[in-house]
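Handing you this structure, nothing more for now.
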Amino acid sequence: MTTLLETARGLLHQRSGPLTRDLLLEPADFGLGQVPAKARPEATTDMVCGYCSTGCGLRIHLRDGEAANLTPVTDYPVNLGMACPKGWEALTVLDSPERATTPLLRNESGRLTPVGWDVAMRTFVDRFKTIQSQHGADSVAFLSTGQMPTEEMAFLGALAKFGMGVLHGDGNTRQCMATSVVAYKQAFGFDAPPYTYADFEESDVIVLVGSNLCIAHPIMWERVMRNPHAPEIIVVDPRMTETAMNATQHLPLNPKADQSLFYGVARILIENDWIDRPFIDASTSGFEEFAEFVSGFSDERVTADTGLTAEQVHRFAQSIHEGERVSFWWTMGVNQSHQGVRTAQAIINLALMTGNIGRPGTGANSITGQCNAMGSRLFSNTTNLLGGHDFTNEQHRQKIAGVLNIDPNVIPNENSLPYHKIIDGILRGNIKGLWVICTNPAHSWINQNQCRDILDRLDFLVVQDMYHTTETAQMADLVLPAAGWGEKEGTFINSERRIGVIKKVRKAPGSALSDFNIFKLVAHYWGCEEMFRRWESPAAVFEILKQCSIGQPCDITGIEDYRAIDSSGGIQWPCPDGGRATESERRLFEDGRFYHEDGRAKFLFETPKAIPEAANEKFPFTLLTGRGTASQWHTQTRTRQSPVLKKLYPEKAFVEINPRDAAELGVGPDQMVIVESQRSRIRARAFLTYAVQQGHVFLPMHYESVNRLTYSAFDPYSHQPAYKACAVRVSRADQ
Ligand SMILES: Nc1nc2c(c(=O)[nH]1)N[C@H]1C(S)=C(S)[C@@H](COP(=O)(O)OP(=O)(O)OC[C@H]3O[C@@H](n4cnc5c(=O)[nH]c(N)nc54)[C@H](O)[C@@H]3O)O[C@H]1N2
Ligand SMILES: Nc1nc2c(c(=O)[nH]1)N[C@H]1C(S)=C(S)[C@@H](COP(=O)(O)OP(=O)(O)OC[C@H]3O[C@@H](n4cnc5c(=O)[nH]c(N)nc54)[C@H](O)[C@@H]3O)O[C@H]1N2
Ligand code: SF4
Ligand SMILES: [Mo]
């Protein structure tokens with residue numbers, strides 16, 4: 001009997017000869033072939049984890065050249081021998097009946113049915129080209145990810161924008177990091193998180209804002225635990241999270257009151273002259289205006305806005321003053337806000353005014369989410385042109401055209417629409433074809449009622465994923481089966497700007513291909529493969545990206561190749577040619593110079609705005625959402641494939657409710673409740689806990705129903721969704 005894979009190979013072979021035969025065979029030319037595993041004799045090879053942005057090093061144990069097991073790498077500078085449950089289980093989730101093993105095309109009776117790659121590619125290209133010819137080049141768009149290797153992201157961005165004439169493409173990093181990107185660009189002149197993880201161990205005051213390290217970045221939390229200076233740990237979070245429980249100060253403020261809090265703290269620092277004048281004078285601009293602005297944030301105002309006491313606020317300010325090395329860290333409690341950019345900058349301002357940047361143990365530090373969100377931020381060719389360049393800058397376009405050896409006119413001279421405008425474009429009928437790669441918007445995007453309905457309006461939806469069962473794949477007209485982490489090679493950039501390698505240690509199931517090879521196929525069938533002649537392997541693309549980075553703050557021309565990264569425990573950018581490639585830890589701004597033309601960082605601020613959908617009489621609770629357990633990853637397509645991980649978290653949605661509120665609602669532990677917003681109502685099991693304040697409830701984002709409740713509000717500068725606050729009511733469900 002001919003297998004599907006053989007059929008696919010056969011079809012491709014007939015159609016296009018050697019090119020695609022090479023693609024489908026894809027054996028030792030990737031992965032192990034590229035980086036001759038340094039420990040070959042012992043049959044192990046090292047690579048970085050494919051879940052979160054911590055970027056732990058994992059040692060893969062091989063049997064007959066294939067991954068059989070893994071252990072954390074003890075001398076990798078990130079994790080020092082530790083891993084969280086997701087990392088330990090990273091191989092298990094690759095084996096699953098839910099894997100997409102062949103392209104699937106929706107047939108006339110509406111069912112997704114297996115087809116070969118040739119049919120899949122012809123259909124894809126035919127449908128997208130037809131849509132473009134009928135409705136204009138911009139009537140097709142793509143949504144990508146922070147979870148593929150940099151080389152794949154760059155290929156996708158270049159292929160779509162330069163080869164296929166697609167203007168609009170954005171990533172799930174919009175849901176996640178857009179706020180930090182804009183905050184840094186405006187304040188520092190480039191998207192540049194300044195820290196290295198050693199700073200967790202070198203601080204004497206650690207301020208964590210809207211960041212639940214214990215659950216979301218457990219190995220970073222382990223680094224905090226290794227800090228020998230008995231640090232003051234200050235957690236700013238409306239919830240008493242696992243991290244807050246371990247803090248020395250917890251500031252359980254009202255949701256979205258952070259800006260007011262930090263402006264109030266800035267005022268106290270200024271009033272007491274607890275500021276670093278020499279640093280402010282030498283390295284910043286806009287301080288006098290900022291000082292004038294924050295003088296309006298009196299104790300009365302701040303306590304009213306935040307719900308904290310004046311003592312709590314003053315103690316916080318005093319701790320910052322007393323610290324010699326104060327580091328400020330933030331994650332989604334800040335980024336996913338209607339005023340996230342200004343909130344992030346309110347944190348940056350505290351670091352700048354106290355001179356807590358550019359020294360060990362300091363910094364205004366955004367913690368990233370996905371394994372390669374940092375790669376996406378610089379090299380995905382979505383929000384900026386390859387290498388942190390600007391699509392609207394002619395010199396930048398010329399430079400990149402030169403590096404890629406392409407006509408500068410194929411590079412768009414305008415920016416793509418952001419994610420929510422792409423969704424809007426579908427609603428308005430301007431966008432009719434969508435290609436979704438390595439993300440699951442039909443679960444993760446805000447306000448699902450609208451989102452599902454909108455995706456339904458597309459003429460043609462292509463989903464490229466490891467699993468055919470994702471909520472978005474189920475809606476697709478065409479599913480392209482992708483290889484995942486461990487089944488392909490490339491590089492990731494972690495939160496501290498460290499580039500690490502991943503390798504091919506397993507064969508992808510069936511006829512699934514690496515995203516890289518799928519992009520190669522698309523280029524071939526689209527007829528633009530000539531443009532990508534040099535993009536023959538991830539390693540070749542890495543060379544191209546090095547050239548794109550020349551002269552940029554993220555210059556990586558000093559990194560020789562994958563092998564150099566592999567042998568040095570990862571390399572942090574910047575690493576220009578002749579630079580400090582061998583240093584294992586480096587932080588930015590040590591010389592007090594920032595990336596703006598005048599070399600100064602900017603104080604940026606704005607009057608806080610009210611929550612877009614505050615709790616009210618009809619919907620009296622504020623719904624917070626976020627990560628639930630260390631064993632669940634996002635929309636759970638991957639983590640639910642591991643029997644071990646599944647044992648570590650509740651299968652069905654649960655909602656955290658304060659026991660006093662529960663008593664008033666007549667809800668007991670584990671009872672089913674209805675959580676209802678203006679948009680939808682869902683069922684969840686009540687988890688009674690004082691971790692949430694009265695008047696708040698918390699739902700983990702891992703359950704599909706959660707985003708049916710959330711409210712579409714966005715930061716005006718970053719366009720990041722404000723997932724973290726909307727109004728709901730809660731009632732007992734009939735059991
Ligand atoms: N186990 C696990 N780890 C993950 C992920 C995962 O899915 N599972 N995802 C990864 C990704 S992509 C990301 S982006 C990170 C996210 O990492 P985190 O941002 O740490 O996780 P969240 O739980 O989304 O949000 C953090 C906290 O923000 C708080 N919060 C809500 N509103 C406010 C507010 O107004 N102010 C303040 N100060 N805090 C607020 C919430 O109570 C929550 O505790 O995690 C990464 N790591
Ligand atoms: N309510 C609420 N919603 C949220 C958040 C929140 O805090 N609250 N957080 C937001 C944040 S920060 C994020 S980052 C998003 C995440 O949202 P998504 O990106 O939608 O979540 P994932 O489940 O990580 O989806 C990744 C998909 O890629 C597939 N995949 C994995 N590896 C590969 C690969 O190598 N190739 C291909 N082609 N596919 C692959 C997986 O199977 C999965 O379907 O969710 C956002 N949504
Ligand atoms: S902390 Fe993050 S990078 Fe480390 S093992 Fe866990 S998921 Fe992987
Ligand atoms: Mo994220």
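Ligands are counted one by one from 1 in listed order, and the atoms in each one are counted from 1 as well. Index from 1, following the sequence.
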(message) Testing the 3.5 Å rule here: is there a donor-acceptor pair between the side chains of D199 and T196?
(response)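 No, no side-chain donor-acceptor pair sits under 3.5 Å.
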(message) With side chain to side chain donor-acceptor pair (under 3.5 Å) as the test, pick out the partner of S495 among T54, N365, T368, T331.
(response) T368
(request) Determine whether any heavy atom of A373 lies closer than 4.0 Å to an atom of ligand 2. (result)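 Not so, A373 does not reach ligand 2.
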(request) Heavy-atom contacts with G87 under 4.0 Å: which atoms of ligand 3 show up? List them by number with element. (result) 5 (S)
(message) Closer than 4.0 Å to some heavy atom of Y51 - which atoms of ligand 3 meet that?
(response) 7 (S)
(request) Answer with yes or no whether the side chains of N335 and T179 bring together a donor and an acceptor at under 3.5 Å. (result) no
(message) I'd like to check which ligand 3 atoms, numbered from 1 as shown, lie under 4.0 Å from a non-hydrogen atom of K86.
(response)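 Taking each heavy atom of K86 in turn, ligand 3 has 7 (S) under 4.0 Å.
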(request) Would you tell me which option among L70, I219, L213 has the nearest heavy-atom contact to atom 1 (S) of ligand 3? (result)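 That would be I219.
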(request) Considering the heavy atoms of G484, write down every atom of ligand 2 situated less than 4.0 Å from one of them. (result) 35 (O)
(request) Note the single closest protein heavy atom to atom 43 (C) of ligand 2, along with its residue, its atom name and the distance in Å. (result)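 Atom 43 (C) of ligand 2 sits closest to the protein heavy atom T637 OG1, 3.2 Å.
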(request) Tell me which protein heavy atom sits closest to atom 30 (N) of ligand 2, plus the residue, atom name and distance to 0.1 Å. (result) C438 SG, 3.6 Å
(request) Report the part of N707 (side chain from C-beta onward, or backbone N, CA, C, O) that has a heavy atom under 4.0 Å from ligand 2; answer both or neither where that applies. (result) side chain
(message) Out of all atoms in ligand 2, which are within 4.0 Å of some heavy atom of T635? Include the element for each.
(response)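 Here the atoms of ligand 2 in question are 20 (O), 21 (O), 22 (P), 23 (O).
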(request) Provide, to 0.1 Å, the distance between atom 13 (C) of ligand 2 and the closest protein heavy atom, together with that atom's residue and name. (result) R627 NH2, 4.0 Å
(message) Give me the nearest non-hydrogen protein atom to atom 19 (O) of ligand 2 as residue plus atom name, then the distance to 0.1 Å.
(response)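 Among all protein heavy atoms, the one nearest atom 19 (O) of ligand 2 is N172 ND2, 2.6 Å.
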(request) For T472 and T470, test the side chains for any donor-to-acceptor distance below 3.5 angstrom and give the result as yes or no. (result) no
(message) I'd like to know if the side chain of H702 pairs up with that of R640 as donor and acceptor (distance under 3.5 Å, no hydrogens or angles considered).
(response) no
(request) Would you check the N or O atoms of E152, main chain and side chain alike, for any that come under 3.5 Å of an N or O of ligand 2? (result)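 There is no such contact.
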(request) Tell me whether C56 has at least one N, O or S atom under 2.8 Å from atom 4 (Fe) of ligand 3. (result) yes
(request) Establish, from distance only, whether the side-chain atoms of E242 and N212 form a donor-acceptor pair under 3.5 Å. (result) yes
(request) Give the residue, atom name and distance (to 0.1 Å) of the protein heavy atom nearest atom 8 (N) of ligand 2. (result)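 So the nearest neighbour among protein heavy atoms is T625 OG1, 2.9 Å.
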(message) Taking backbone and side chain together, does C52 place any N/O/S atom at a distance below 2.8 Å from atom 2 (Fe) of ligand 3?
(response) yes
(request) In plain terms, say whether E656 and R685 are close enough for a salt bridge, that is, a side-chain N and a carboxylate O under 4.0 Å apart. (result) no
(message) Checking side-chain polar atoms at under 3.5 Å, does E151 have a donor or acceptor matched by the opposite partner on T491?
(response)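 On atom types as modelled, these side chains qualify, holding a pair under 3.5 Å.
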(message) Can you tell me which residue among T383, D191, N372 is in a side chain to side chain donor-acceptor pair (under 3.5 Å) with R377?
(response) D191
(request) Go through ligand 3 atom by atom and flag the ones less than 4.0 Å from a non-hydrogen atom of C49. (result)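 Those of ligand 3 that fall under 4.0 Å from C49 are 3 (S), 5 (S), 7 (S), 8 (Fe).
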(message) Under 3.5 Å, is there a donor on one side chain and an acceptor on the other for Q175 and W445?
(response)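 The criterion, which ignores hydrogens and geometry beyond distance, is not satisfied for W445 and Q175.
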(message) Pair R223, E201 - check salt bridge (charged side-chain N to carboxylate O under 4.0 Å, His left out), show working.
(response) CA-CA 6 Å; R223 297 294 298 265; E201 291 168 22; 2.5 Å; yes
(request) Answer yes or no for W633: is there a heavy-atom contact with ligand 2 below 4.0 Å? (result)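 True for this residue.
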(request) Could you name the option among Q175, Q720, Q336 that has the heavy atom nearest to atom 9 (N) of ligand 2? (result) Q336
(request) Considering heavy atoms of the protein only, find what lies nearest to atom 35 (O) of ligand 2 and give residue, atom and distance to 0.1 Å. (result)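 The protein heavy atom lying closest is K488 NZ, 2.7 Å.
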(request) Of the side chain and backbone of C176, name the one, both, or neither that has a heavy atom under 4.0 Å from an atom of ligand 2. (result) both
(message) Tell me the contacting part of M701 for ligand 2: side chain, backbone, both, or neither, using a 4.0 Å heavy-atom threshold, strictly below.
(response)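 Within the 4.0 Å criterion, M701 contacts ligand 2 through side-chain atoms alone.
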(request) Around atom 6 (Fe) of ligand 3, find the nearest protein heavy atom and jot down its residue, atom name and distance. (result)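 Nearest neighbour among protein heavy atoms for atom 6 (Fe) of ligand 3, to 0.1 Å: C84 SG, 2.3 Å.
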(message) How far is atom 47 (N) of ligand 2 from the closest protein heavy atom, and which atom is that?
(response) S444 O, 3.0 Å
(request) Report yes if Y467 has an N/O atom closer than 3.5 Å to an N/O atom of ligand 2; otherwise report no. (result) no
(message) Could you tell me, atom by atom, which parts of ligand 3 come under 4.0 Å of a heavy atom of G55?
(response)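 The atoms of ligand 3 under 4.0 Å from a heavy atom of G55 are 3 (S).
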(message) I need the atoms of ligand 2 closer than 4.0 Å to a non-hydrogen atom of H634, numbered in the order shown.
(response) 14 (S), 16 (C), 21 (O), 22 (P), 23 (O), 24 (O)
(request) Only heavy atoms count here, so choose which of T331, T368, D515, D465 is nearest to atom 29 (C) of ligand 2. (result)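 That would be D465.
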(request) Examine ligand 2 and decide if any of its atoms is less than 4.0 Å from a heavy atom belonging to T145. (result)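 For ligand 2, residue contact (heavy atoms, under 4.0 Å) with T145 is absent.
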(message) Quick check on H443 - does any of its heavy atoms sit under 4.0 Å from an atom of ligand 2?
(response) no
(request) Measure the distance from atom 31 (C) of ligand 2 to every protein heavy atom, then report the residue, atom name and distance (to 0.1 Å) of the closest one. (result)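 Protein heavy atom with the smallest distance to atom 31 (C) of ligand 2: M466 SD, 3.5 Å.
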